[in-house]
Amino acid sequence: MASPVHLKLLSWRRLLHHPPLQTLIPSLSRSINHSPSPSDEPYDPPFSPVRKTLTPPTKKHVSTPSKTLTPDAVPVRSDLPFDFRYSYSETDPSVAPIGFREPPRFSPFGPGRLDRRWNGVSAPVEGGGGAAGDRDSVLGEPLTEDEVEELVERFRWNDCTRQINLGKGGVTHNLLDDIHNHWKRTEAVRIKCLGVPTLDMDNICFHLEDKTGGKAIFRQCNIILLYRGRNYDPKKRPAIPLMLWKPRAPIYPRLVKNVIDGLTEEETKELRNRGLNSLALMKLSRNGVYVNVVEKVREAFTTDEVVRLDCMHVEMSDCKKIGVKLRDLVPCVPILFKDNQIILWRGRQGQEDLVSPSDS
């Protein structure tokens, strides 16, 4: 008996030999052979990106600068009756520089922003300047003890929000604007002093009061509380043009000579070697508080002729500034700056001059 598979094969053979089907099979085969293959069809993804028509770029209208001055370009007229400097407490107007590291014609206030001419060191006031206002009238009546204690209690702590840090630049020009900005919202401002200026806190207090018109009502170590005055009006504050960059320091005469005045070459070498081999009186840190340095140097000169200060972590430029201040405050003679060590000589003055030095 034939299986079902054999029967199907026989039925297919009969159909193939059928005449009508023989004429249809070649046409079917030709249509199958000429049907387009999947590779011939164009790529048509389900989410094909829509081509964007490129629009020609539009020309931007370039406005030509007008000849009228903008508010920033108008020269600022300030009535402050003193010369503008980068630092008021760390520079001596009586010492003239011997050269400049940048052309004096480049003003740190910017071109055309100040009605004063910059000479490389300062911007002198022209025509004597205007009246800065009566300082006594702004301060008004002196504060009572209770009012001072209340302000001190508010601003003496380290977490005070109205604080300005005074660094090695001292009382700078832009610091004056910062103080007046704080005075717009509060009666007093806390100033924390660090670095070289702390050698002479009296000098800092003087310049703060003289340049801002305020009053130092509290001073403890390196902390100063500056009061604005009873009749202070923020709307009548003086115009203070800001310095846009720090001007490069001019070149001044050499601080230490090869041979100290009044000594021979052998004596100078002996003093320098003795100072380098002696024990350091103090070790100064970078941006530290140097309030008690002057007194300690004076006490050391009562027994020693040469004193060494260890400034291992202090920049050499700051070491020279420290030497200059000690020369005027002690007084003494700096004889060597080497390897961040300051060697000071008490000079040939008498013992009584060291106990009560004359104010410089």
Side-chain angles (χ1 to χ4, degrees), residues 87 89-92 94-95 97-98 166-171 193-204 221-222 249-351 353-360:
S87 177
S89 62
E90 304 307 306
T91 55
D92 188 1
S94 61
V95 180
I98 60 176
L166 188 146
K168 62 181 181 180
V171 182
C193 309
L194 296 174
V196 181
T198 57
L199 286 168
D200 191 1
M201 293 296 296
D202 294 335
N203 184 39
I204 294 178
C221 192
N222 64 325
I251 302 174
Y252 289 96
R254 188 172 182 179
L255 179 60
V256 178
K257 300 179 181 179
N258 293 332
V259 179
I260 305 301
D261 295 338
L263 298 177
T264 62
E265 186 176 357
E266 290 76 13
E267 291 175 343
T268 302
K269 289 183 180 179
E270 181 184 357
L271 286 176
R272 288 171 177 171
N273 292 331
R274 193 196 310 175
L276 289 174
N277 296 326
S278 63
L279 295 176
L281 176 65
M282 297 181 64
K283 186 174 182 180
L284 305 182
S285 60
R286 181 174 179 269
N287 290 335
V289 181
Y290 312 142
V291 176
N292 58 348
V293 174
V294 176
E295 293 297 331
K296 288 191 175 183
V297 172
R298 288 176 183 171
E299 294 177 1
F301 277 151
T302 58
T303 56
D304 299 329
E305 188 179 8
V306 182
V307 170
R308 179 170 70 93
L309 299 178
D310 187 1
C311 307
M312 185 59 64
H313 302 287
V314 182
E315 298 179 1
M316 182 54 66
S317 60
D318 292 344
C319 292
K320 294 182 178 180
K321 293 178 182 178
I322 293 172
V324 171
K325 283 187 172 291
L326 292 177
R327 179 194 63 184
D328 300 332
L329 296 173
V330 174
C332 59
V333 181
I335 60 175
L336 183 63
F337 295 93
K338 183 179 180 181
D339 298 333
N340 294 85
Q341 306 295 316
I342 302 176
I343 310 300
L344 304 173
W345 176 47
R346 70 182 180 185
R348 296 190 182 278
Q349 65 270 26
Q351 194 72 20
D353 295 336
L354 293 175
V355 176
S356 59
S358 59
D359 297 334
S360 56

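Values in this document were obtained by computation on a predicted structure and should not be read as measured data.
Distance CD1/I322 to CZ/F337: 9.0 Å, rounded to 0.5 Å. Remark: C332 SG to R298 CZ distance equals 10.0 Å, nearest 0.5 Å. Taking CZ from R308 and NZ from K283, the interatomic distance works out to 10.5 Å, rounded to the nearest 0.5 Å. One distance of note links CD1 of I260 with CG of L271; it measures 8.5 Å at 0.5 Å rounding. Note that the CG atom of L199 and the CD atom of E90 stand 8.5 Å from one another [nearest 0.5 Å]. Between the CG atom of N340 and the CD atom of E315 there is a distance of 9.5 Å, given to the nearest 0.5 Å.
In terms of modelled atom types and a separation under 3.5 Å, the side chain of Y290 and the main chain of S285 share a donor-acceptor contact. Judged by distance alone, with hydrogens and angles left aside, the side-chain atoms of N222 form no donor-acceptor pair with the main-chain N or O of L194 at under 3.5 Å. The closest donor-acceptor contact from the side chain of T268 to the backbone of V259 lies at 3.5 Å or more, if one exists at all. Within the 3.5 Å criterion, the main-chain N or O of K168 finds no donor-acceptor partner in the side chain of N287.
Results of the side chain to side chain contact (heavy atoms under 4.5 Å, CB included) test with L344 over D304, I335, L326, V306 single out L326 as the only residue that passes. Test L166, D200, N203 against S89 for side chain to side chain contact (heavy atoms under 4.5 Å, CB included) and you get one pass: N203.
Contact between R346 and F301 at its shortest, heavy atoms only, is NH1-O, 2.8 Å. The nearest pair of heavy atoms linking P197 to G167 is CG-O, 3.2 Å. For the pair R348 and G262, the tightest heavy-atom approach, listed with the atom from each and the gap, is NH2-O, 3.2 Å. Of all non-hydrogen atoms in K338 and L276, the two that sit nearest each other are CD-CD1, 4.5 Å. Nearest approach of P97 to P250, heavy atoms of both residues: CB-CB, 3.6 Å. Residues I342 and C311 approach most closely at CD1-SG, 3.6 Å, considering heavy atoms.
Side chains of N292 and M282 form a contact here, defined as non-hydrogen atoms less than 4.5 Å apart. Looking at heavy atoms from C-beta onward, Q341 lies in side-chain contact with D310 at the 4.5 angstrom threshold. Counting heavy atoms from C-beta outward, V293 and K325 have side chains that stay 4.5 Å or more apart.
In this structure, T264 has no side-chain hydrogen bond (donor to acceptor under 3.5 Å, both in side chains) partners at least two apart in sequence or on a different chain. In this view, K296 satisfies the side-chain hydrogen bond (donor to acceptor under 3.5 Å, both in side chains) rule with no residue, not counting sequence neighbours.
Residue I98 places its CD1 atom among more than 12 non-hydrogen atoms of other residues, nucleotides or ligands, all under 6.0 Å distant.
The side chain to side chain donor-acceptor pair (under 3.5 Å) analysis of residues 272-281, with sequence neighbours excluded, yields the pairs R274-E305.
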